[in-house]
Amino acid sequence: MRGRVFYLVLSRAELKEIDDFVMANPLTGRPEQKRRRKRAEAVWFSASQHLPVKTIAQILKVSERSIWRWFEAYQSSQGEGIERLKGKA
């Protein structure tokens, strides 16, 4: 099977929330901040740049499975948005 083409579709408000979160959380800092930022970046890369999961995983140096889990968590957040991305690494 050829690679799946998938990207998240977010509202302007959701995309702004992700943008603001990424900008407010530096790459340096506590480990939990870094994990949340990585999750937010994955969502941002998908929703705003339409990058494939494989590329996002390579950029963030995580498995493709992690990216899929983060997307699933974000999509099932039922209005929690970025707060849902605070799960385990």
Side-chain angles (χ1 to χ4, degrees):
M1 176 170 123
R2 289 195 100 175
R4 292 183 273 178
V5 177
F6 173 88
Y7 59 89
L8 295 172
V9 177
L10 303 181
S11 68
R12 286 184 185 172
E14 290 171 317
L15 196 51
K16 181 175 179 352
E17 179 185 29
I18 294 289
D19 285 336
D20 292 347
F21 183 85
V22 169
M23 289 303 178
N25 288 278
L27 289 171
T28 58
R30 296 179 309 196
E32 71 244 20
Q33 283 179 304
K34 292 178 191 178
R35 287 191 299 269
R36 285 192 300 252
R37 182 187 167 115
K38 251 187 196 185
R39 288 169 173 78
E41 285 178 320
V43 171
W44 184 84
F45 281 132
S46 178
S48 70
Q49 303 299 306
H50 299 171
L51 294 180
V53 168
K54 184 175 186 171
T55 302
I56 296 168
Q58 290 169 343
I59 290 169
L60 297 177
K61 296 179 174 55
V62 298
S63 71
E64 290 179 46
R65 181 68 189 124
S66 289
I67 301 296
W68 286 114
R69 283 194 309 261
W70 298 345
F71 288 175
E72 185 177 315
Y74 187 82
Q75 289 180 312
S76 68
S77 67
Q78 299 177 353
E80 292 176 9
I82 199 71
E83 292 301 313
R84 183 70 174 146
L85 297 174
K86 292 182 179 180
K88 294 181 192 176

Search all heavy atoms of W70 against all heavy atoms of K38 and return the closest pair with its distance. CZ3-O, 3.9 Å

Quick one: salt bridge (charged side-chain N to carboxylate O under 4.0 Å, His left out) partners of E32, sequence neighbours excluded? R30

E14 meets the salt bridge (charged side-chain N to carboxylate O under 4.0 Å, His left out) criterion, sequence neighbours left out, with none

Who are the side-chain hydrogen bond (donor to acceptor under 3.5 Å, both in side chains) partners of K16, not counting sequence neighbours? D20

Show me the side-chain donor-acceptor pairs of residues 43-60 shorter than 3.5 Å, one per line, residues at least two apart or across chains.
{"from": "W44", "atom 1": "NE1", "to": "D19", "atom 2": "OD1", "distance (Å)": "2.6"}
{"from": "W44", "atom 1": "NE1", "to": "S48", "atom 2": "OG", "distance (Å)": "3.3"}
{"from": "S46", "atom 1": "OG", "to": "L8", "atom 2": "N", "distance (Å)": "2.8"}
{"from": "S48", "atom 1": "OG", "to": "W44", "atom 2": "O", "distance (Å)": "2.8"}
{"from": "H50", "atom 1": "NE2", "to": "A47", "atom 2": "O", "distance (Å)": "3.4"}

Contact summary for R37 and N25, nearest pair of heavy atoms: NH1-O, 2.6 Å

What residues form a side chain to side chain contact (heavy atoms under 4.5 Å, CB included) with R65, not counting sequence neighbours? S63, W68, R69

